[in-house]
Amino acid sequence: MNAVPQNNPGTLASGQFDVARVREDFPILSAKVHGKPLVYFDNGATSQKPQCVIDAIDHYYRAENSNIHRGVHHLSEQATAAYEAARGKLRGFINARSDKEIIFVRGTTEAINLVAQSYGRAFLKAGDEIVVSAMEHHSNIVPWQMLCEQVGAKLRVIPINHDGEIVMEEFERLLTDKTKFVSVTHVSNALGTVVPVKEIIALAHGRGVPVLLDGAQAVPHLQIDVQDLDCDFYAFSGHKMFGPTGVGVLYGRAELLEKMPPYQGGGDMISLVTFEKTHYNVLPYKFEAGTPNIADGIALGVAVDYLRGLDWAAVTAHEDGLLRYATEALGQIAALRIIGTAKEKAGVLSFVFDHVHAHDVGTILDQEGVAVRAGHHCAMPVMQRFGVPATARASFAFYNTIEEIDVLVRAIGRVLKVFG
Ligand code: 7TS
């Protein structure tokens with residue numbers, strides 16, 4: 001093995017990603033399942049956590065635990081500083097202009113519900129239209145359907161082609177004077193498609209329509225710059241980007257957030273309460289009612305530190321290599337059909353067999369130590385589009401290896417032996 005450069009422990013002197021070294025940071029990756037080494041290919045559902053994130057949670061409860069934004073005592077001040085420092089790290093992570101634009105939420109789902117209920121109920125009315133795509137996760141469909149029921153707006157859906165790509169001409173056709181909001185995924189969880197979001201945003205902004213991007217599957221793979229994207233909202237979950245569950249971020253453009261009413265009422269989101277009138281707190285606290293998930297917020301900041309310590313050129317090359325290798329290897333299995341063949345993809349390989357249900361595939365792979373997700377991936381309209389009840393999905397992270405893909409291929413061989 002080549003010498004490790006001083007400043008980048010995850011990169012070999014050759015410039016190649018040092019996956020063996022990086023795997024050591026994730027204790028669970030050395031686990032065995034059914035007596036076999038774990039091959040964790042369910043990163044789209046949730047990623048594994050590096051030791052530093054696990055340590056941060058442990059340290060917080062051992063040494064810092066206290067409620068924030070209220071105490072005058074030492075521990076509370078310390079916890080507040082750590083939590084606000086994490087907000088600053090997340091601001092840097094997506095290159096937002098200000099910490100005011102970083103709202104801590106439970107995850108992507110809550111972030112989208114917040115925008116639908118706060119922005120949507122305040123600014124949309126009967127006859128208005130909201131545009132989503134045919135490859136959205138349910139959490140970028142149902143909150144908008146609920147809003148439509150509440151205000152009388154209509155949901156419009158951009159179709160996708162047989163490769164799982166947005167049909168841009170259809171999007172342009174759907175954009176009319178009635179369109180008042182566009183909400184699309186950045187990367188599809190079921191297909192892996194990387195959506196041309198900059199083009200979508202430019203077209204929507206041309207008509208003065210704000211755009212939310214669901215970044216749940218993008219943040220673990222792409223470097224996000226919300227100023228460069230020029231999106232109005234960006235939603236993501238900590239647990240898919242090597243941080244803890246129960247915490248995520250809604251980025252919102254400050255001008256829009258200022259205009260929006262609070263999502264929930266309670267402590268922390270007010271500056272003055274009387275029975276006659278309540279004054280709301282400044283951003284971002286206006287949207288953060290109640291005691292937040294302090295420990296996990298701080299640990300998410302540590303996950304950001306970890307990610308920023310990696311050489312992303314090397315990470316991207318490694319991940320591209322994994323997806324290419326897996327696509328070629330699985331593509332050679334005659335009975336197997338890959339669902340999602342977009343030109344631009346990240347991290348996801350969905351597949352089906354005509355004669356074996358995805359759940360049976362998942363169960364046999366599990367016996368070989370290989371964890372994949374089998375089902376509709378909370379994207380039932382995608383399954384309907386491709387005429388399949390479910391797919392098996394291998395979703396990769398930078399700590400996965402080519403050798404693990406070889407294990408997957410052999411395990412699929414077992415599936416085919418069992419089912420003939
Ligand atoms: N949006 C996308 C694109 C997702 O992939 C997911 C979760 C969500 C939103 C919701 O995120 P949450 O953290 O609020 O639950 N996707 C998946 C998946 O693909 N398998 O399990 C969860």
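We count ligands from 1, going down the list as the structure has it; atoms in each ligand are counted the same way. All values derive from a computational prediction rather than experimental measurement.
Atoms of ligand 1 lying under 4.0 Å from at least one heavy atom of Ser237, given by number and element, are 11 (O), 12 (P), 13 (O), 14 (O). Of all atoms in ligand 1, numbered sequentially from 1 with element shown, those under 4.0 Å from a heavy atom of Lys240 are 6 (C), 7 (C), 11 (O), 16 (N), 17 (C), 18 (C), 22 (C). Proximity to Gln217 (heavy-atom distance under 4.0 Å) selects the following atoms of ligand 1: 3 (C), 4 (C), 5 (O), 16 (N), 19 (O). Atoms of ligand 1 found under 4.0 Å from any heavy atom of Ser139, numbered from 1 in the order shown, are 1 (N), 8 (C), 9 (C), 10 (C). Heavy-atom proximity to Thr109, at under 4.0 Å, picks out these atoms of ligand 1: 10 (C), 11 (O), 12 (P), 14 (O), 15 (O). For ligand 1, the atoms closer than 4.0 angstrom to any heavy atom of Ala45 are 18 (C), 20 (N), 21 (O), 22 (C).
A salt bridge is defined here as a Lys NZ or Arg NE, NH1 or NH2 lying under 4.0 Å from an Asp or Glu carboxylate O, and Asp232 with Arg253 meets this definition.
Heavy atoms of Glu110 found under 4.0 angstrom from ligand 1: none, in either backbone or side chain. With a 4.0 Å cut-off on non-hydrogen atoms, Asp214 touches ligand 1 through its side chain and not its backbone.
Between Phe93 and Phe236, the two ring planes are tilted [angle within 30° to 60°]. Relative ring orientation between His69 and Tyr285 is described as perpendicular, the plane-to-plane angle rising above 60° on a 0-90° scale split at 30° and 60°. Ring orientation note: the planes of His186 and Tyr234 are nearly perpendicular, at an angle over 60° on the 30°/60° scale. Using cut-offs of 30° and 60° for the angle between ring planes, the Phe353 and Phe351 rings count as perpendicular. Ring geometry for His376 against His138 counts as tilted: the plane angle lies between 30° and 60°, on a 0 to 90° scale. Phe233 and Tyr119 have perpendicular rings, their planes meeting at more than 60° on a 0 to 90° scale where under 30° would count as parallel.
Regarding atom 19 (O) of ligand 1, its nearest protein heavy-atom neighbour is Arg393 NH1, 2.6 Å. The protein heavy atom nearest to atom 21 (O) of ligand 1 is Arg373 NH1, 2.9 Å.
Judged by the 6.0 Å distance and 45° axis criteria, Lys259 is positioned over the aromatic ring of Phe123.
Among the atoms of Thr185, none of the N or O lies under 3.5 angstrom from an N or O of ligand 1.
Between the choices His138, His137, Arg106, the shortest heavy-atom distance to atom 4 (C) of ligand 1 belongs to His137.
When Asn43, Val315, Asp25 are each tested for a side chain to side chain contact (heavy atoms under 4.5 Å, CB included) with Tyr399, only one passes: Asn43.
A heavy-atom separation below 4.0 Å is found between Gly44 and ligand 1.
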